[in-house]
2 protein chains.
Amino acid sequence: MARDGKLTRDKILLESKALIFEHGFSGTSIDQILEKTGITKGAFFYHFKTKNALAMALIEEFAKADMDKLDKALENTESFKGNALNRLLHFIQEFIDAEKGQNEPPGCLYASYLYEPQQFEPEVLDHIAETMLMWRNVIGKLIREVLKDHKTKYPTDVDSLADHVTVVFEGAFIVSRALNDPDITAKHLHHLKNYLELLFEQSES
Amino acid sequence: MARDGKLTRDKILLESKALIFEHGFSGTSIDQILEKTGITKGAFFYHFKTKNALAMALIEEFAKADMDKLDKALENTESFKGNALNRLLHFIQEFIDAEKGQNEPPGCLYASYLYEPQQFEPEVLDHIAETMLMWRNVIGKLIREVLKDHKTKYPTDVDSLADHVTVVFEGAFIVSRALNDPDITAKHLHHLKNYLELLFEQSES
DNA sequence: ATATTTGTACCGACTAGTCTGTTTAGGCTA
DNA sequence: TAGCCTAAACAGACTAGTCGGTACAAATAT
């Protein structure tokens, strides 16, 4: 083993992600990344064959962190397993709480990429779609558990309701950016929680 | 008078908007715009002093169209003025209907710009914020009308609830892009409508 | 009526600089 | 000694923006 290359690689990933959130992928040059990280061009291309390979690595890392949050929220609400509606509501509450302890400016790499999709190889965009569908499936299961002993007050498509979580996240990030107010995301997740609570009728037990 | 320059200008605006939705602003070169429109560099810079001047013109045009939709939805629901809740719900329904008759790929220039904010002059971003606040105010008024004879089932911040409309729009566009499904936007607006309907208790009259 | 002027709209070659990516020649460390 | 990295030069395509010149319709002058 020589020096630990993972440190350099991680630094590139960290700083380039921050740059991309402010300049977009296309608007972020490799020279900018070199300046921010203090490494050289040789080192950059040692770790990433092309700029697009960096894009792929970034989305993989981001998606992994994203799934970790999902898994953690699932774990943290395991104790509510007996009461599916309660679990679903606490599951959303987990994200509200996580958002409150957040002070970095909000944003999602999926959205960033999706507004310049032609810059990326198809597999990069596929990876985003796949991750969103995993959220749909996981949350869909939670919802289906609720439906076992609750009716909805309106006819409801489970997939679409599950996707609504992602929708509120993504939309809140954008409005948050536009109005430069980091508290916005938590507020809108709360509206989502309200909606879920109102939508499911209490079963007469 | 020579030839009508407005035609050329409008063509530039139209085609560059489409390109920016696919490549991002930074990822769209002026040469690409020239190729798509069939005009020349001289003509482009005759109409727009810089690339950033195009960005500003585009956001102005987009915001204007955006406000027109808002005004139209207000007008079309004037007949419900006596019943504020009904008006609010039909107001949302207007956007659901408008979305259904849409076949071009969804997207919002605000979101596009906000994910590469460093590419633009501050006034461009200010214009986006101002337009979002106008939506907040207009919808806020509709909500306050409802509150005159309805309570909400949860404590509710009017501004935040008004912003929620924008949130659902923006989020739905992103998920729609990710999953390549244009029907998604209407579905999520429907969830929003459900939420509003459930949130406001019927007054005993 | 015809000639001249004026201003808008447009053309396209050109410049100065930036972009990603390559290459070369080497050094440092576990 | 193999993996990690520096430093600098370089290629070639592409970038935004410039500039001198042109086309043409309408206003004005003769």
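In the text below, chain A, chain B and the rest are named by the order of the sequence lines, each starting its count at 1. Since the structure is predicted, the reported quantities are computational estimates derived from the model, not experimental observations.
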Practice item. Look at the rings of A/Phe25 and A/Phe120 and say which category their plane angle falls in: under 30° parallel, 30 to 60° tilted, over 60° perpendicular. Key: tilted
**Study point:** Rounded interatomic separation in angstrom, taking NZ from A/Lys49 and C1' from C/dT22
**Key:** 11 Å
Review point. Does OP1 or OP2 of C/dC10 have a side-chain N or O of B/Tyr46 closer than 4.0 Å?
Key: no
Review point. So, do A/Ile174 and B/Ile174 sit near enough that their side-chain heavy atoms are less than 4.5 Å apart?
Key: yes
Study note, to complete from the structure: Note on DNA chain D: ranges paired as stems (three or more Watson-Crick/G-U pairs in a row, both atom distances under 3.5 Å) are C:1-26 with D:5-30
Review point. Which whole-number value in Å describes the distance from B/Leu34 CG to C/dC14 P?
Key: 17 Å
Check your understanding: Between C/dT8 and B/His47, is there an OP1 or OP2 to side-chain N/O distance shorter than 4.0 Å?
Key -> no
Check your understanding: Within the pair B/Thr8 and C/dC10, is there a side-chain N or O less than 4.0 Å away from OP1 or OP2?
Key -> yes
Exercise for review: Begin from the C-alpha positions of A/Asp183 and A/Lys187 and carry the test salt bridge (Lys or Arg N to Asp or Glu O under 4.0 Å) through to its verdict.
Suggested key: CA-CA 7 Å; A/Asp183 297 340; A/Lys187 285 181 188 172; 5.9 Å; no
Review point. Rounded to the Å, how far apart are A/Gln119 CD and C/dC19 P?
Key: 14 Å
Point to revise | Separation of atom CD1 in A/Ile33 from atom P in C/dC19, rounded to whole Å | key: 11 Å
Nucleotides 7-15 of chain D: which of its N/O atoms have a protein N/O under 3.5 Å away?
unit_1 : atom_1 : unit_2  : atom_2 : d
D/dT15 : OP1    : B/Ser29 : OG     : 3.4

Check your understanding: Is A/His23 reaching over with its side chain to a backbone N or O of A/Leu19, donor-acceptor style, under 3.5 angstrom?
Key -> no
Review point. Do B/His191 and A/Ser160 meet the criterion of a side-chain donor-acceptor pair at a distance under 3.5 Å?
Key: yes
Point to revise | side-chain hydrogen bond (donor to acceptor under 3.5 Å, both in side chains) contacts touching residues 107-126 of chain B (sequence neighbours left out) | key: A/Glu22-B/Gln118, B/Asp66-B/Tyr110
**Study point:** Parallel, tilted or perpendicular: rings of A/Tyr195 and A/His164 (30°, 60°)
**Key:** perpendicular
Point to revise | Rounded interatomic separation in angstrom, taking CG from A/Asn52 and P from C/dC19 | key: 17 Å
Check your understanding: Starting at CZ of A/Phe44 and ending at P of C/dT23, how long is that distance when rounded to a whole Å?
Key -> 17 Å
Check your understanding: Hey, what's the ring geometry for B/Phe91 with B/Phe95, parallel, tilted or perpendicular (30° and 60° as the breaks)?
Key -> perpendicular
Check your understanding: Rounded to whole angstroms, how far apart are CZ on B/Phe45 and C1' on D/dA16?
Key -> 5 Å
Review point. Rounded to the Å, how far apart are B/Phe48 CZ and C/dC10 C1'?
Key: 14 Å
Check your understanding: Got more than 12 heavy atoms from elsewhere within 6.0 Å of NZ, B/Lys153?
Key -> yes
